[in-house]
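This report refers to the structure that appears directly beneath it.
Values below: all heavy atoms of this structure, side chains included; hydrogens, waters and symmetry mates excluded.
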Amino acid sequence: GEVTHQVRRLGHHPSIVLWSGNNENQDEGASTPQNLVDYSALYDGVVRTTLWAEDMTRAYWPASPSNGFLYDDKGLGLYVQRWGPSSDPTYGDVHRYDYSDLCTDVTKFPRPRFTSEFGYQSYPSFSSLQNVSNYSDWSFNSSFMFHRQHHAGGNDQLVMMIQWFFHLPDSSDPVQQFKDFIYLTQVVQGICMKAEAEHYRRLLSESGAYTRGTLYWQLVGGLGTRVCTVLYGLADMEEGLINVFLINGLINAMKC
């Protein structure tokens with residue numbers, strides 16, 4: 001019922017180019033022989049056949065990340081998954097999150113065929129937090145900010161990432177210090193996202209990689225596609241207008 005419902009609900013969107021069986025379930029699903037039997041029966045069996053009954057126009061990707069499939073013939077009803085380490089850069093797609101290594105060190109980046117997830121944290125704007133918090137919450141190490149941080153060790157990692165490039169804020173005004181901290185998390189996020197996005201872009205034509213695309217969490221940017229991509233996100237709100245900065249991956253200008 002879930003697969004049928006979602007395909008019927010979303011299938012009319014032209015931006016959907018394939019369906020993925022699951023997100024980051026494969027490693028656990030293949031961890032024991034019994035898990036593998038159950039996992040394959042669910043995703044390569046029930047989910048795939050139900051999907052094909054609803055939509056024969058799009059490919060079925062077994063999991064993200066995964067190595068994809070060896071054989072996919074909807075007419076014959078045959079599907080053979082390519083098994084192996086889910087983040088093998090040689091096949092399929094990979095996910096990458098690294099908050100411990102310097103984010104501009106390209107030697108730490110993978111050389112994948114496709115990166116379907118990567119990204120770095122930052123705090124939301126003070127104007128967003130202000131509406132759901134109190135004065136006592138306005139510190140990166142407040143109980144409120146730890147409660148809202150759903151990534152283990154995330155606040156400490158943000159401090160470390162700021163210190164890669166800047167001094168920590170030291171304003172005598174605690175509110176201003178918190179605002180400065182928020183700002184620096186966003187600046188560092190931009191530095192890190194830029195470094196990794198440019199790395200994948202360079203690999204587009206590099207032998208041994210030929211990286212054909214990347215999706216960053218949570219805004220999407222495609223490499224080698226004939227579309228304009230949002231690389232610098234939503235910027236300022238001025239008089240009810242949102243300024244959006246776009247970059248075009250083609251040699252010639254194109255109208256978006």
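Outside the 6.0 Å centre-distance limit, the rings of Phe140 and Phe178 are not counted as a close aromatic pair. Aromatic rings from His151 and Tyr99 are positioned such that their centres are separated by under 6.0 Å. Ring-centre distance between Tyr79 and Tyr71: not below the 6.0 Å cut-off. Phe144 and Trp138 have their aromatic ring centers separated by at least 6.0 angstrom.
With rounding to the nearest 0.5 Å, the separation of OG in Ser116 from CG in Leu215 is 6.0 Å. Once rounded to the nearest 0.5 Å, the distance linking OG of Ser100 with CE of Met160 reads 6.0 Å. A distance of 11.0 Å separates CD in Glu196 from OG1 in Thr104, rounded to the nearest 0.5 Å.
Hydrophobic cluster membership differs between Val159 and Phe146, with clusters built from Ile, Leu, Val, Met, Phe, Trp and Tyr side chains linked at under 4.5 angstrom.
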Show your working on side chain to side chain donor-acceptor pair (under 3.5 Å) between Asp173 and Gln177 and close with a plain yes or no. CA-CA 6 Å; Asp173 178 354; Gln177 187 180 97; over 6 Å; no

Apply side chain to side chain donor-acceptor pair (under 3.5 Å) to Asp180 and Gln176, showing your working. CA-CA 6 Å; Asp180 292 342; Gln176 186 60 50; 2.8 Å; yes

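In this structure, Phe165 and Leu184 have side chains that are not in contact, with every pair of non-hydrogen atoms separated by 4.5 Å or more. Contact annotation: the side chain of Ile191 approaches that of Phe166 to within less than 4.5 Å [non-hydrogen atoms, C-beta and beyond]. Residues Pro65 and Glu24 are in side-chain contact: their nearest non-hydrogen atoms beyond the backbone lie under 4.5 Å apart.
Panel note: side chain Arg58, backbone Ile16; a donor-acceptor pair is recorded below 3.5 Å. Remark: the backbone N or O of Thr107 is paired with a side-chain donor or acceptor of Asp105 at under 3.5 angstrom. Of the possible donor and acceptor atoms, none in the side chain of Thr211 sits under 3.5 Å from a partner among the backbone N and O of Arg113. Side-chain N or O atoms of Asp98 include one that pairs as donor or acceptor with a backbone N or O of Asp101 at under 3.5 Å. Between the side chain of Ser142 and the backbone N or O of Ser139, at least one donor-acceptor pair lies under 3.5 Å. Remark: the backbone N or O of Ser66 is paired with a side-chain donor or acceptor of Asp93 at under 3.5 angstrom.
Around atom CZ of Phe69, more than 12 heavy atoms belonging to other residues, nucleotides or ligands sit under 6.0 Å away. Annotation: Arg111, atom CZ; neighbour count of heavy atoms from other residues, nucleotides and ligands within 6.0 Å is above 12. Heavy-atom neighbours of Lys108 NZ from other residues, nucleotides or ligands within 6.0 Å: at or below the threshold of 12.
Side chains of Gln121 and Gln186: no donor on one and acceptor on the other come within 3.5 Å. Remark: the Ser86 side chain and the Asp27 side chain contain an N/O donor-acceptor pair separated by less than 3.5 Å. Defined by atom type and a distance below 3.5 Å, a donor-acceptor pair is missing between the side-chain atoms of Ser87 and His95. For the 3.5 Å distance criterion, the side chains of Asp55 and Tyr60 fail to qualify, holding no donor opposite an acceptor.
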Below 3.5 Å, can you tabulate the donor-acceptor pairs from side chains in residues 40-47 to any protein atom, sequence neighbours excluded?
unit_1, atom_1, unit_2, atom_2, d
Tyr43, OH, Asn25, ND2, 2.8

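Relative orientation of the Phe109 and Tyr200 rings is tilted, given thresholds of 30° and 60° on the angle between their planes.
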